Amino acid sequence: MSHQTSPTPKHFLDLDQLDAATLRHILDLAKSMKRGQMPSGNAQPLAGKSIALVFEKPSTRTRVSFQVGMTQLGGNALVLSPQETQIGRGETIADTARVLSRYVNAIMLRTHAAQNLKDLAAFAGVPVINGLTDDSHPCQIMADIMTYEERKGPIEKAVITWCGDGNNVAVSWVHAAALFGFELRLACPESLRVKPAVIEAAKAKGARIIETADPGAAARGSDCLITDTWVSMGDEEGNRHNQLHGFQVNDALMALAKPDAVFMHCLPAHRGEEVTASVIDGAQSVVWDEAENRLHAQKGILVWCMS
Ligand code: CP
Ligand code: NVA
């Protein structure tokens, strides 16, 4: 039997390439499955299906949550790295996409250049999922929104504050701001801001985004404070610690947010750098629920992409 590829695969490449109704549908699927209610009552909606998980950078959460999620949905996941495949010997992304599409029903890629993800999607006959690039991390923000709403209700009413490096995770929050209607405050050093073009594109779609270099001003009255590592995978350390040391999320900053504000971090975290132990291990931190929700949110993405 020849392998059937879809004529128009449902890629999950970036939040800004999807519409709000689709993202809400995926979150609803995730919430239902977390409660044990499977789509159409089918306990194994992805039985007989496989996904290739290609990692060109390290991962704990993304790798394990996709692998376990696929198993829980009745399917199978293969973890591939460049060193163990012909990608590491120079086989092109395009050829890899064409070949993998004959074996598997979806491909997740974690890579450096966002162009690699675009190339994979252009040549794959099956859905491609962004498992993080230098430019964005959309799966993470789906889990984050799910976590926020579990704790505090509809996110459209929220003031969400990002404090630190204007990195890949921050970019996906900017994309989300244009789709989910919340107010996003970005407190980043001038030298490490999210690219102005990304902000302008989101604002043109109606996003409410405030940029500042003053973490205190951003945190005041917020419903949620978020930060991330000061040195992302692939970044040069340079003088990032000097640029970012005033952007640490600590007790004094949390005290400026609403009393019931939550703290989020995609992890891995560096206690004493971007966040103090007192905050990440404190009562307002929801980071373990956030990590768990990677599993549920991605099960929603997998079911949406593959059915
Ligand atoms: N948050 C996140 O993507 O973690 P990993 O790098 O461990 O996958
Ligand atoms: N910004 C971080 C996120 C890790 C999940 C990085 O890219 O390394």
Side-chain angles (χ1 to χ4, degrees), residues 12-15 30 51-70 77 79-82 107-117 129-148 162-176 186-189 191-195 198 224-238 240-241 243-244 247-249 262-271 273-275 280 285-302:
F12 189 86
L13 298 178
D14 264 314
L15 300 184
I51 186 168
L53 307 175
V54 184
F55 286 95
E56 297 185 342
K57 294 181 176 184
S59 168
T60 298
R61 281 144 288 269
T62 305
R63 174 186 169 138
V64 176
S65 55
F66 266 113
Q67 209 167 4
V68 170
M70 198 61 189
V79 178
L80 306 174
S81 69
I107 306 168
M108 187 236 71
L109 176 64
R110 169 169 285 196
T111 188
H112 295 272
Q115 189 60 46
N116 292 338
L117 186 79
I129 299 171
N130 179 354
L132 179 149
T133 72
D134 291 349
D135 288 6
S136 62
H137 195 6
C139 291
Q140 180 68 52
I141 276 52
M142 295 297 278
D144 292 0
I145 291 172
M146 183 173 173
T147 307
Y148 181 87
W162 176 274
C163 190
D165 184 17
N167 65 11
N168 46 4
V169 180
V171 166
S172 287
W173 270 109
V174 169
H175 292 162
L186 296 168
C188 308
S191 52
L192 294 171
R193 286 171 56 197
V194 173
K195 285 190 191 117
V198 173
C224 175
L225 296 193
I226 315 173
T227 190
D228 188 13
T229 180
W230 288 346
V231 186
S232 285
M233 294 179 279
D235 279 344
E236 294 291 330
E237 177 122 7
R240 285 177 159 269
H241 283 73
Q243 291 169 285
L244 285 156
F247 292 78
Q248 183 187 67
V249 179
V262 291
F263 169 75
M264 294 208 276
H265 189 311
C266 65
L267 306 176
H270 308 77
R271 288 170 176 78
E273 296 188 12
E274 73 272 10
V275 61
I280 196 169
S285 173
V286 296
V287 298
W288 313 121
D289 287 349
E290 192 184 353
E292 178 187 331
N293 283 336
R294 293 294 305 278
L295 171 67
H296 305 295
Q298 281 154 208
K299 283 167 75 177
I301 294 167
L302 289 167

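Treat the numbers as computed from the prediction; the structure is a model and nothing was measured. Just follow the structure's listing: the first ligand is 1, and inside any ligand the first atom is 1.
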Handout entry: Atoms in ligand 2 with a heavy atom of Asp228 nearer than 4.0 Å
Key = 1 (N), 2 (C), 3 (C)
Exercise for the section: Can you sort out which atoms of ligand 2 are near Leu132, meaning under 4.0 Å from one of its heavy atoms? Expected result: 3 (C), 4 (C), 5 (C), 7 (O)
Fill in the blank from the handout: At a 4.0 angstrom heavy-atom cut-off, ligand 1 is contacted by Ser59, Thr60, Arg61, Thr62, Arg110, His137, Gln140, Cys266, Leu267, Arg294
Handout entry: Nearest-0.5 Å distance, OG1 of residue Thr133 to CG of residue Leu117
Key = 6.5 Å
Handout entry: From His265 atom NE2 to Trp288 atom CH2, the distance as rounded to the nearest 0.5 Å
Key = 9.5 Å
Fill in the blank from the handout: Ser59 meets the side-chain contact (heavy atoms from CB on, under 4.5 Å) criterion, sequence neighbours left out, with Phe55, Thr62, Arg63, Arg110
Exercise for the section: Keeping to residues at least two apart or across chains, list the salt bridge (Lys or Arg N to Asp or Glu O under 4.0 Å) pairs with something in residues 134-143. Expected result: Lys57-Asp134
Practice task
Please name all residues satisfying side-chain contact (heavy atoms from CB on, under 4.5 Å) with Cys266, sequence neighbours left out, ordered by chain then number.
Solution key: Gln140, Val169, Asp228
Problem - Subset of ligand 2 atoms that lie under 4.0 Å from at least one heavy atom of Asn167 - result: 1 (N)
Handout entry: Polar contact flag for Ser232 and ligand 2 (N/O pairs, less than 3.5 Å)
Key = yes
Completion exercise
Quick note on ligand 2: atoms under 4.0 Å from a heavy atom of Leu267 include exactly 5 (C)
Fill in the blank from the handout: Checking heavy atoms under 4.0 Å, the part of Asn168 that sits near ligand 2 is side chain
Handout entry: Backbone or side-chain N or O of Met233 under 3.5 Å from ligand 2 N or O
Key = yes
Handout entry: Phe247 vs Thr227 side-chain heavy atoms within contact, under 4.5 Å
Key = no
Practice task
Could you pull out the closest heavy-atom pair between Thr229 and Asp165, with the gap in Å?
Solution key: O-CB, 4.2 Å
Exercise for the section: Check whether any side-chain N or O of Gln248 sits under 3.5 Å from a backbone N or O of Val275 as a donor-acceptor pair, and report yes or no. Expected result: no
Completion exercise
Here the pair of heavy atoms bringing Ser172 nearest to Pro138 is OG-N, 3.3 Å
